[in-house]
Amino acid sequence: MEQKRIKIKKLLVSNEVGSEVNVKGWVRTKRGNKQINFIALNDGSTIQNLQIVVDVPNFNEDLLKKISTGAAISVVGEVIASQGSGQSVEVSATKIEVLGVADPEKYPLQPKKHSLEFLREKAHLRFRTSTFSAVFRIRHAMAFAVHEFFNKKGFFYMHTPLITGSDAEGAGEMFRVSTLDAKNPPLNEDGSINYKEDFFGKETNLTVSGQLEGELGAMALGEIYTFGPTFRAENSNTTRHLAEFWMIEPEMAFYDITDNMDLAEEFLKYMIKYALDNCMEDLEFLSKRLKEEEKGKKADEQSMELIEKLKFVLENDFVRLTYTEAIDILRNSQPNKKKKFQYLIDGWGADLQSEHERYLVEKKFMKPVILIDYPKEIKSFYMKQNEDGKTVAAMDILFPGIGEIIGGSQREEDLDKLVTRMKEMGIPAEDMDWYLDTRRFGTATHSGFGLGFERMMLFVTGMGNIRDVIPFPRTPKNAEF
RNA sequence: UCCUUCUUAGCUCAGUUGGUUAGAGCAUCUGACUGUUAAUCAGAGGGUCCUAGGUUCAAGUCCUAGAGAGGGAGCCA
């Protein structure tokens, strides 16, 4: 078995008919009779299986018995044109080695359809299914596209800390990082925990955002982006929230809110185009899968075909409107007049509920929507205060089926306005001195946004649950594997 | 965290008004078949009916509590 191994993806695209090859992979199915067996072999390089043809009398019976679904095998054989109609080429085996058996009585993945819920419980093995291998190949491609996009634009990839001593960002509940004895922590005289004795000598948490540190980088390097894990200890049980997720946060000096929107739209389209250009086989598989899943649904509940949907978003400008315009549209909308909304729109100032966002994106405009200029009361302290005194230069990008995929803003660069706003919102400015230095020394217009990587994955793959687009999801009450 | 639905074979599910031996398809195993591709055909094995209480002559089925899962909402990315 000295033949050099070839990956199935390469074998299938190159015309190797007549040559001898070695392939290694995992058995998806085996079928046949006493004379001939067919093995569908997958090595993860592509969604396509390679058909191995086994002339049964030439092989040891015990060896063939070990070749069951899930087993790892190495095959040497000749590439031949297929007599069957399911594939153009196949490999006629001359030598088979079983690298690792998979007891069919115990191996959880059967050669049949499994529910996503079941596979979620077998997350360590679900990579071996067509659906999940497709999703995770696309995940790789999307991560690569992020770096390619920003690198081409001259942005610098910046690593912001995962352990943070600042708890002022206010983006959500945080996970505490501590080496103190949970059963017997050192106490202050008033009974509170004495964090001065903790590892870092202060209270520390896992980061909820790299934005504040990212701003420091942008105010020197010009344009930076972060791409890393983010942690939120919110008790959120939905199809679009994770306790540990990956976020992309670009931060740009000298960008105003319009530049910020332009960049975000270009970025999202770049990723979609990258998927269409590089992941077509996997997308086609996911699209077919999605169609089958929706067969039972009513026509108006069915979503647009996956690839068509991606092309549509790519080819159309996002709708841009202000919060105030959105409120007007919603106030005069049919569901509001007929009191179909659970939360009726009656005035300016309230936060939009997801039913309102869905109406705008999925009913009114039928395409992604960028909402800007939100009331300052419902947004973060660091957002640029507009001249009307009521709104801030915030932007949320809403995607069909996903909701908010990007949240961003132009940042408040005026020290006095920022400090005043922090006081109003009860944020301790003295702990944020390092952040405020950017406004003290050489302050300038700057902007940035955060993209939830898994939400983008949901959109691109058409998967319905965020737990199925990250290898090992972390959610309330679940940290398996 | 709230609302809601669910938990029966390895998987997906059925199980009537509470009634005596809990079913199907797929998967697995055995056999048949010279080219299958969701292979086909025949047969076999396989059950803590989520857990703990309770009601009842009798509970998979009804009640209470708990655990877990799905969907929706809130929080957000």
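Residue numbers start from 1 in every chain, and the chains themselves are labelled A, B, ... in the order their sequence lines are given, proteins ahead of strands.
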When you check the phosphate oxygens OP1 and OP2 of B:rU12, does a side-chain N or O of A:S115 lie under 4.0 Å from one of them?
-> yes

Phosphate oxygens OP1/OP2 of B:rG35: is one of them under 4.0 Å from a side-chain N or O of A:N33?
-> yes

For nucleotides 45-50 of chain B, 5' to 3', base contacts (B), sugar-phosphate-only contacts (S) and non-contacts (-) with protein non-hydrogen atoms under 4.0 Å give ------

Would you tell me whether A:E281 and A:T46 have side-chain atoms, one donor and one acceptor, within less than 3.5 Å of each other?
-> yes

Polar side-chain contact A:E117-B:rG70 base: donor and acceptor under 3.5 Å | no

Sticking with atom C1', work out how far B:rU40 lies from B:rG35, rounded to a whole angstrom.
-> 13 Å

Ignoring hydrogens and angles, does a donor from either the side chain of A:N237 or the base of B:rU1 sit under 3.5 Å from an acceptor on the other?
-> yes

What about A:R232: does its side chain form a donor-acceptor pair under 3.5 Å with the base of B:rA77?
-> yes

OP1, OP2 of B:rG72 versus side-chain N and O of A:R358: anything below 4.0 Å?
-> no

State whether the distance check finds a donor on one side and an acceptor on the other, under 3.5 Å, for side chain A:Q83 versus base B:rU34.
-> no

If we take the P atom in both B:rU16 and B:rA73, what is their distance in whole Å?
-> 33 Å

Inter-nucleotide C1' distance (B:rC13, B:rA22), Å rounded | 14 Å

Would you classify A:G32 as touching base, sugar-phosphate or nothing, given that sugar-phosphate means primed atoms plus P, OP1 and OP2, and contacts are heavy atoms under 4.0 Å?
-> base

Check the side chains of A:Y435 and A:E215 for a donor-acceptor pair under 3.5 angstrom, ignoring hydrogens and angles.
-> yes

By side-chain contact (heavy atoms from CB on, under 4.5 Å) - contacts of A:N237 (at least two apart) = A:N235, A:P476

Residues two or more places apart in sequence or in another chain: which of them pass side-chain hydrogen bond (donor to acceptor under 3.5 Å, both in side chains) with A:E148?
-> A:Y270

Are side-chain N/O atoms of A:Y382 and A:Q211 paired as donor and acceptor at under 3.5 Å?
-> yes

Any donor-acceptor pair under 3.5 Å between the side chain of A:H241 and the base of B:rC76?
-> yes

For A:A102, enumerate each residue passing the side-chain contact (heavy atoms from CB on, under 4.5 Å) test, keeping only those at least two apart in sequence or located in another chain.
-> A:Y107

Quick check: are there more than 12 heavy atoms from other residues, nucleotides or ligands sitting under 6.0 Å from CZ of A:F144?
-> no

For RNA chain B, what dot-bracket results from Watson-Crick or G-U pairs at under 3.5 Å, with [ ] for crossers and | for inter-strand partners?
-> (((((((..((((.....[...)))).(((((.......))))).....(((((..]....))))))))))))....

Could you tell me whether the phosphate oxygens of B:rG74, OP1 or OP2, come under 4.0 Å of any side-chain nitrogen or oxygen in A:Q353?
-> yes

Which is true for A:I36 with a 4.0 Å heavy-atom rule: it touches a base, it touches only sugar-phosphate, or it touches nothing?
-> base

Could you tell me whether A:Q51 contacts a base, only the sugar-phosphate backbone, or nothing, with contacts defined as non-hydrogen atoms closer than 4.0 Å?
-> base

Please check the phosphate of B:rU36 (OP1 and OP2 only) for any side-chain N or O of A:R28 closer than 4.0 Å.
-> no

Between B:rU56 and B:rG72, how far apart are the C1' atoms? Round to whole Å, please.
-> 38 Å

Can you tell me if the side-chain N/O atoms of A:K34 get under 4.0 Å from OP1 or OP2 in B:rA32?
-> yes

Not counting sequence neighbours, list each pair that qualifies as a ring pair (Phe, Tyr, Trp, His ring centres under 6.0 Å) and has a residue in residues 52-76 of chain A.
-> none

Does A:S354 make a side-chain N or O approach to OP1 or OP2 of B:rA73 shorter than 4.0 Å?
-> yes

Base, sugar-phosphate, or nothing for A:K477, non-hydrogen atoms under 4.0 angstrom?
-> sugar-phosphate

Sugar-phosphate only, base, or nothing, as touched by A:P111 at under 4.0 Å among non-hydrogen atoms | sugar-phosphate

Rounded off to whole Å, could you give me the NE2-to-P distance for the A:H356 and B:rC75 pair?
-> 11 Å

Considering only atom P, compute the distance from B:rA14 to B:rA9 and round it to an integer number of Å.
-> 12 Å

Tell me what A:K379 touches on the nucleic acid: a base, only sugar-phosphate, or nothing, going by heavy atoms under 4.0 Å.
-> nothing

Nearest-nucleotide wise, let me know which of A:T238 and A:E121 is further upstream toward the 5' end of RNA chain B.
-> A:E121

Phosphate OP1/OP2 of B:rG71: any A:N465 side-chain N/O under 4.0 Å | yes

Run the salt-bridge test on A:E454 and A:R139 with the 4.0 Å N-O cut-off and return the result as yes or no.
-> yes

Heavy-atom closest contact (A:I80 atom, A:S92 atom, distance) = CD1-CB, 3.8 Å

Under 4.0 Å between a side-chain N/O of A:T239 and OP1 or OP2 of B:rG70, yes or no?
-> no

How about A:K309: does its NZ atom have over 12 heavy atoms from other parts shown lying under 6.0 Å from it?
-> yes

Base of B:rA77 and ring of A:F453 stacked, centres under 5.5 Å, planes under 30° = no

Integer angstrom distance from the C1' of B:rU30 to that of B:rG68 = 37 Å

Heavy-atom distance under 4.5 Å between the side chains of A:H356 and A:D351, does that happen here?
-> no

Name the nucleic acid region contacted by A:I248, choosing base, sugar-phosphate or nothing; use a 4.0 angstrom heavy-atom cut-off, strictly under.
-> nothing

Select base, sugar-phosphate, or nothing to describe what A:E244 touches, counting heavy atoms under 4.0 Å on all strands.
-> nothing

Distance, P atom - from B:rG53 to B:rA59, rounded to whole angstrom | 14 Å

Ion pair A:E355/A:R358, N-O distance below 4.0 Å | no

Round to a whole Å and report the spacing from CD of A:E404 to P of B:rC76.
-> 8 Å

Nearest-nucleotide 5' precedence on RNA chain B, A:P104 against A:A81 = A:P104

Using the P atom in both, what is the distance from B:rA65 to B:rA42, to the nearest Å?
-> 49 Å

A:R455 side chain near B:rC76 phosphate (N/O to OP1/OP2, under 4.0 Å) = no

